[in-house]
Structure formats: C-alpha cells, structure tokens
Amino acid sequence: MKQKFQCKTFSMFMRSSIVCVTCALANCASNTQVVPISTAWKNVDFSETNLRKATKQLQNSLLDAAKDMNITNCGDLGSSALRQSFLTSLQSMQSVNPPMASAALISKTRVLGSIQDLRRDAGTLQVGMNQLFAAIGRGEQNPTEREDLTKSMMRIKVEAEGAIGFINYAEQIADQLQRLGG
C-alpha cells in the first residue's frame with residue numbers, strides 16, 4: 001500500500017511538472033490515447049529526439065539570421081551572454097539599407113517557422129507524456145530496460161524548459177527582425 005501511494009504521489013508530481021512545461025510549449029493541444037507503457041515510451045523517445053532536432057534547427061535559423069544581419073559576436077548562441085550579445089546587436093540597429101531589411105524579413109520568417117516546428121514537436125512530446133502517465137496510472141510497470149523513471153522525467157523536464165526559454169528568446173529576435181524589416 002505504501003509503495004502504491006508513493007508511486008501515485010510521484011506520478012502526480014512528475015505529471016504536473018512535465019505537463020506544465022510541455023503544455024507551455026505546445027499551447028495545451030493534446031489528445032491522450034490508451035496505449036501500453038512500452039508504446040508510450042517509444043512515442044516519448046521519438047518526440048524527445050524530434051524536440052532536440054527542432055531546437056537545433058531553431059538555433060541554426062537564429063545563426064543564419066545573425067549572418068544575414070552581419071552580426072558576428074554571437075558565437076553559437078550556446079550561452080546567455082552570446083544570446084544577449086546577438087539580441088543587443090539587433091536592438092542597437094536603428095535602420096538598415098533596403099537589402100538588409102529584406103534579409104531581416106526573410107530571417108524573421110525562417111525563425112518563426114522554426115519556432116512553430118519546435119512547438120509542434122513539444123505538442124507531440126506532451127501527448128507521449130500523457131500516454132506514459134496514463135499507463136503508469138493504470139498500474140503498468142516501467143519496462144526493466146528503461147532507465148530510472150525519475151532520471152528520465154527530470155531529463156525531459158530540463159529539455160522542455162530549455163526549449164521554452166529558447167522559444168521566448170527566438171521570439172524576441174523575430175520581433176527585432178520585424179522592426180528592422182519594416
């Protein structure tokens with residue numbers, strides 16, 4: 001009885017943490033299907049991989065935007081300082097010539113597309129997490145070949161929170177590109 005209570009308490013805690021994070025990413029669009037826990041894990045693994053790819057694509061879109069705007073002081077955008085440097089450089093530009101304005105609008109479109117891709121993949125992750133928590137709630141046991149459930153959930157939570165922060169940052173960049181593009 002004690003183990004069942006602890007599992008249920010853990011499940012509720014992790015579910016609220018992960019669902020809050022992925023819900024913020026995906027704007028709460030989810031459908032939960034009844035699937036076995038092994039299938040739910042496959043869905044989570046697949047969507048987690050796609051989340052990483054989409055995050056990398058957003059990073060590449062931002063780097064392309066920096067290149068288009070002739071900004072070279074942002075490195076790989078791998079730290080807060082480098083990201084702030086890129087944003088500050090864009091904010092300091094008061095006006096640009098017509099070809100750069102056009103490049104700014106094209107870059108903005110590319111960045112917004114990458115943001116949408118990341119949000120979509122976050123929504124897929126949310127669905128997988130909902131399936132996983134539903135399976136745990138039904139009493140299905142975590143497969144033995146899976147790593148510790150707590151470690152998996154914490155890793156996913158960190159990735160999802162990182163994606164939220166990156167989306168917020170990218171939206172600021174897109175706003176500055178819009179301003180420059182007119």
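Along the sequence shown, the residues carry numbers beginning at 1. Quick note: numbers below take in every heavy atom, side chains included, and nothing from hydrogens, waters or symmetry partners.
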Please report the interatomic distance [atom1]([X]) to [atom2]([Y]), rounded to the nearest 0.5 Å.
{"X": "Lys67", "Y": "Ser107", "atom1": "NZ", "atom2": "OG", "result": "11.0 Å"}
{"X": "Asn60", "Y": "Ser114", "atom1": "CG", "atom2": "OG", "result": "8.0 Å"}
{"X": "Arg146", "Y": "Lys151", "atom1": "CZ", "atom2": "NZ", "result": "13.0 Å"}
{"X": "Met69", "Y": "Leu90", "atom1": "CE", "atom2": "CG", "result": "6.0 Å"}

Can you find a pair of side-chain heavy atoms, one from [X] and one from [Y], that are under 4.5 Å apart?
{"X": "Thr150", "Y": "Met153", "answer": "no"}
{"X": "Gln131", "Y": "Thr39", "answer": "no"}
{"X": "Ile37", "Y": "Ile136", "answer": "yes"}

For [X], check side chain to side chain donor-acceptor pair (under 3.5 Å) against everything at least two apart and list the hits.
{"X": "Gln116", "answer": "none"}
{"X": "Ser85", "answer": "Asn73"}
{"X": "Arg83", "answer": "none"}
{"X": "Gln172", "answer": "none"}

Would you please name every residue forming a side-chain contact (heavy atoms from CB on, under 4.5 Å) with [X], sequence neighbours left out?
{"X": "Asn70", "answer": "Met100"}
{"X": "Leu82", "answer": "Asp76, Ser79"}
{"X": "Ser47", "answer": "Thr124, Leu125"}
{"X": "Asp117", "answer": "Arg120"}

Q: Check whether any side-chain N or O of Ser92 sits under 3.5 Å from a backbone N or O of Ser89 as a donor-acceptor pair, and report yes or no.
A: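 A pair under 3.5 Å: yes.
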Identify whether [X] and [Y] are in the same connected component of the hydrophobic contact network (ILVMFWY, side-chain heavy atoms under 4.5 Å).
{"X": "Leu87", "Y": "Ile115", "answer": "yes"}
{"X": "Ile106", "Y": "Leu180", "answer": "no"}
{"X": "Ile71", "Y": "Leu58", "answer": "yes"}
{"X": "Val111", "Y": "Leu63", "answer": "yes"}
{"X": "Ile173", "Y": "Leu105", "answer": "no"}

Q: Show the numbers, then the answer: is there a side chain to side chain contact (heavy atoms under 4.5 Å, CB included) between Val127 and Asn43?
A: CA-CA 8 Å; Val127 170; Asn43 293 342; over 6 Å; no
At their closest point, which heavy atom of [X] faces which heavy atom of [Y], and how far apart are they?
{"X": "Asn142", "Y": "Trp41", "answer": "OD1-NE1, 2.6 Å"}
{"X": "Pro36", "Y": "Ala135", "answer": "C-CB, 4.5 Å"}
{"X": "Phe166", "Y": "Thr55", "answer": "CE2-O, 3.6 Å"}
{"X": "Asp121", "Y": "Ala54", "answer": "OD2-CB, 3.2 Å"}
{"X": "Phe86", "Y": "Cys74", "answer": "CB-CB, 3.5 Å"}

Q. With Glu145, which residues qualify under salt bridge (Lys or Arg N to Asp or Glu O under 4.0 Å), at least two apart?
A.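 Here no residue qualifies.
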Q. Sequence neighbours excluded, which residues qualify as salt bridge (Lys or Arg N to Asp or Glu O under 4.0 Å) partners of Asp64?
A.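 Salt bridge (Lys or Arg N to Asp or Glu O under 4.0 Å) check on Asp64 returns nothing, list empty.
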**Q.** Criterion side chain to side chain contact (heavy atoms under 4.5 Å, CB included) on Leu51 and Leu118, from CA distance to verdict
**A.** CA-CA 6 Å; Leu51 184 76; Leu118 184 52; 3.4 Å; yes
(Q) Quick test of your reading: applying salt bridge (charged side-chain N to carboxylate O under 4.0 Å, His left out), list the pairs with at least one residue in residues 167-182, sequence neighbours left out, ordered by first then second residue. (A)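 For residues 167-182, and leaving out neighbouring residues, the salt bridge (charged side-chain N to carboxylate O under 4.0 Å, His left out) pairs sorted by first residue read Arg119-Glu171.
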Q) Is there any salt bridge (charged side-chain N to carboxylate O under 4.0 Å, His left out) pair reaching into residues 92-111, and which pairs are they, with sequence neighbours excluded? A)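 Non-adjacent pairs meeting salt bridge (charged side-chain N to carboxylate O under 4.0 Å, His left out): Asp68-Arg110.
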